[in-house]
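Values below: every heavy atom of this structure, side chains too, minus hydrogens, waters and symmetry copies. Start at 1 and go down the list; that is how both ligands and their atoms are numbered.
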Amino acid sequence: MELKTFTGGIHPDYRKEATAYKATEEIALPEEVVIQMRQHVGAPNEPTVSAGDRVEAGTTIGSTEAFVSAPVHASVSGEVTEISEQISFSGALVNSVTIKVDPDQPDKWTGKKNLEGITPEQIREIAKESGLVGLGGAAFPTHIKLSPPADKPIDIVIINGCECEPFLTCDHRVMLENTEDLIEGLKLMMKAVGAGKGIIGIEANKMDVVEAVESKTASESGVEVMPLEVKYPQGNEKMLIDALTGRRVPPGKLPSEVGVLVQNSGTAVALYKAASTGRPVIDRIITVSGSGIREPKNVRVRIGTRIEHVIEQCGGFVNNPEKVIMGGPMTGFAQKSLSAPTVKGTSGIVVLTGKETGESEERECVGCGKCVDACPMFLMPNSIVKYIKRNQYEKADKYGVKDCFECGCCSYVCPARIHHVGYVRIAKAELAAKK
Ligand code: SF4
Ligand code: SF4
């Protein structure tokens, strides 16, 4: 079988076996949830409720008129106890609505609507009203992605089923446990943008998903499943488009430039659920894994559940954990506090022990060039870092620092343990401030 891929990249130890074949579990509800007003790329929401209000799961509790935004909903029924700034996964303080959870949580989204006559406008409206954002972690509002400019027609929609980060298996389970919804979600996206072709790209370490999707798309015209080589960062939009279509997105441009829309597999499933049942984004599946967690598993959590509650529901810590990461180990955020709540873009909680963090002191570059070979954007991470260390940000800019999408491949292969992404983030902030 031919496996598609891109040039560059790395083969980290994937460590997915601890959770890949475990069905998703429901965890006990926490006593309270903390729903943050900034969970997406774009303008933050303003709370539309006050302390003392009673809310039902699915009630809109935060919104804004800003164009690039997505509303947030109560993920549980209960009483609003506080509106205050709370720590987020990034360490920043974010305005949040705290809800004390009722013991009884009726599920009102059970019946399914017939979507045969649904229009592109209705699909975009449903995506917006349900607060849908890219659930792979990017958290870009979905209704905006489903509204490409008129001069950039989309002919292919790609569902990103790669999940190339080590440890994470939530997309694997979402696709396997909701295969029909995945395909229906893709068809809604194709209809919204008027694309005639849909591709579901899945890394070859999930052949059970490839087979499940193939068996259900055999009679679908215009929908194809394409297995991909297992390689990091295969799930990056630009790498995925290159591998599946041979089209190259120019530096600084979006996939619409080459007629492609990419959406995460979980987003497609959530869109279909929103359209067919009215269910907004109030929960999601996340992977809890790493050798520092007692019972690694995939769990369904309500948005706003604090990390400490999720860890407790997975048996707590073992083996002296050293680092707790929200997201995957390559692009996730190390946590200073376990009280940060999960947000729509939370794909995992990874708990690493000393050996696994692989952290050691940074040394001088030895000029081996391994980072250049690994960079999927064909950048020169060694030169970029050299200029950033000298505060020569314009030179780093000329070497393409703004095209770096912070995948971490360069740091992974670097024998001098240079943390390129940290330098890149400094340079991007400096260049943005100067602009
Ligand atoms: S320079 Fe950026 S895009 Fe290239 S490997 Fe490093 S982190 Fe990835
Ligand atoms: S991999 Fe590290 S040591 Fe080798 S050239 Fe790149 S920055 Fe220098």
Side-chain angles (χ1 to χ4, degrees), residues 5-14 41 90 136-138 140 160 162-168 203 228-243 247-255 257-258 262 325 327-334 347 350 357-432:
T5 194
F6 62 97
T7 308
I10 56 172
H11 295 279
D13 184 4
Y14 286 97
V41 172
S90 69
F140 195 83
N160 186 351
C162 291
E163 199 168 47
C164 58
E165 276 247 9
F167 291 101
L168 301 185
E203 277 195 347
L228 292 139
E229 188 181 318
V230 180
K231 185 160 73 166
Y232 179 84
Q234 185 66 80
N236 173 269
E237 280 192 339
K238 291 186 177 179
M239 308 304 117
L240 191 57
I241 293 169
D242 182 5
R247 300 179 191 179
R248 288 244 165 113
V249 181
K253 300 286 181 189
L254 296 170
E257 197 69 25
V258 295
V262 181
I325 300 168
M330 301 298 289
T331 59
F333 285 75
S347 50
V350 177
T357 61
E359 279 174 0
S360 60
E361 217 161 287
E362 183 173 310
R363 299 186 300 276
E364 282 302 308
C365 170
V366 295
C368 65
K370 286 184 179 175
C371 55
V372 179
D373 292 342
C375 180
M377 292 301 289
F378 308 110
L379 301 174
M380 296 173 69
N382 47 356
S383 301
I384 288 173
V385 167
K386 180 177 77 184
Y387 292 123
I388 297 170
K389 279 185 171 177
R390 293 177 189 165
N391 298 331
Q392 293 176 315
Y393 301 114
E394 275 76 20
K395 275 210 160 162
D397 196 9
K398 280 200 185 120
Y399 273 74
V401 69
K402 286 198 285 226
D403 291 326
C404 165
F405 60 89
E406 303 175 17
C407 65
C409 289
C410 45
S411 307
Y412 184 85
V413 296
C414 178
R417 313 302 301 169
I418 293 171
H419 186 51
H420 303 74
V421 173
Y423 290 104
V424 164
R425 285 180 181 157
I426 292 169
K428 284 182 179 173
E430 290 287 339
L431 289 166

List ligand 1 atoms under 4.0 Å from Phe405, heavy atoms only on the residue side. 3 (S)

May I ask you to check whether over 12 heavy atoms, not counting those of Lys395, lie within 6.0 Å of atom NZ? no

Near Cys365 (heavy-atom distance under 4.0 Å), the atoms of ligand 2 are 3 (S), 5 (S), 7 (S), 8 (Fe)

For the residue pair Cys414 and Lys370, establish whether any side-chain heavy-atom pair is separated by less than 4.5 Å. no

Can you list the ligand 2 atoms lying under 4.0 Å from a non-hydrogen atom of Asn382? 5 (S), 6 (Fe), 7 (S)

Closest to atom 2 (Fe) of ligand 2 among protein heavy atoms sits Cys414 SG, 2.4 Å

In ligand 2, the atoms that come under 4.0 Å of a heavy atom of Cys371 are 1 (S), 5 (S), 6 (Fe), 7 (S)

Residue part near ligand 1, for His420, under 4.0 Å between non-hydrogen atoms: neither

Write out the residue and atom name of the closest protein heavy atom to atom 1 (S) of ligand 1, then the distance separating them to 0.1 Å. Pro381 CG, 3.7 Å

Counting from 1 in the order shown, the ligand 1 atoms closer than 4.0 Å to a non-hydrogen atom of Val421 are 7 (S)

Do Lys428 and Glu406 meet the salt-bridge criterion of a basic N to acidic O distance under 4.0 Å? yes

Check: Tyr387 ring centroid to Tyr399 ring centroid under 6.0 Å: yes

Tested for side-chain contact (heavy atoms from CB on, under 4.5 Å) against Met330, the lone hit among Pro233, Ser411, Pro166 is Pro166

Measure the distance from atom 8 (Fe) of ligand 1 to every protein heavy atom, then report the residue, atom name and distance (to 0.1 Å) of the closest one. Cys407 SG, 2.3 Å

Got a sec: does the NZ of Lys389 have more than 12 other heavy atoms crowding it under 6.0 Å? yes

At what distance is the nearest protein heavy atom to atom 4 (Fe) of ligand 2, and which residue and atom is it? Cys368 SG, 2.3 Å

Quick one: which ligand 2 atoms are inside 4.0 Å of a heavy atom on Gly369? 4 (Fe), 5 (S)

Could you check whether Lys231 makes a cation-pi contact with Phe6, meaning its NZ or CZ is under 6.0 Å from the centre of the six-membered ring and within 45° of the ring axis? yes

Looking at Asp397 and Lys402, is any side-chain nitrogen of the basic one under 4.0 Å from a carboxylate oxygen of the acidic one? yes

Atom indices of ligand 1 within 4.0 angstrom of Cys409 heavy atoms, with elements: 5 (S)

Close approach of Val366 to ligand 2, heavy atoms, under 4.0 angstrom: yes

Note: Arg417-Glu364 ion pair, threshold 4.0 Å (strictly below): no

Does a side-chain heavy-atom distance below 4.5 Å link Ile325 with Phe333? no

What residue and heavy atom of the protein are closest to atom 6 (Fe) of ligand 1, and at what distance? Cys410 SG, 2.3 Å

What do you reckon, does Gly408 put a non-hydrogen atom under 4.0 Å from ligand 1? yes

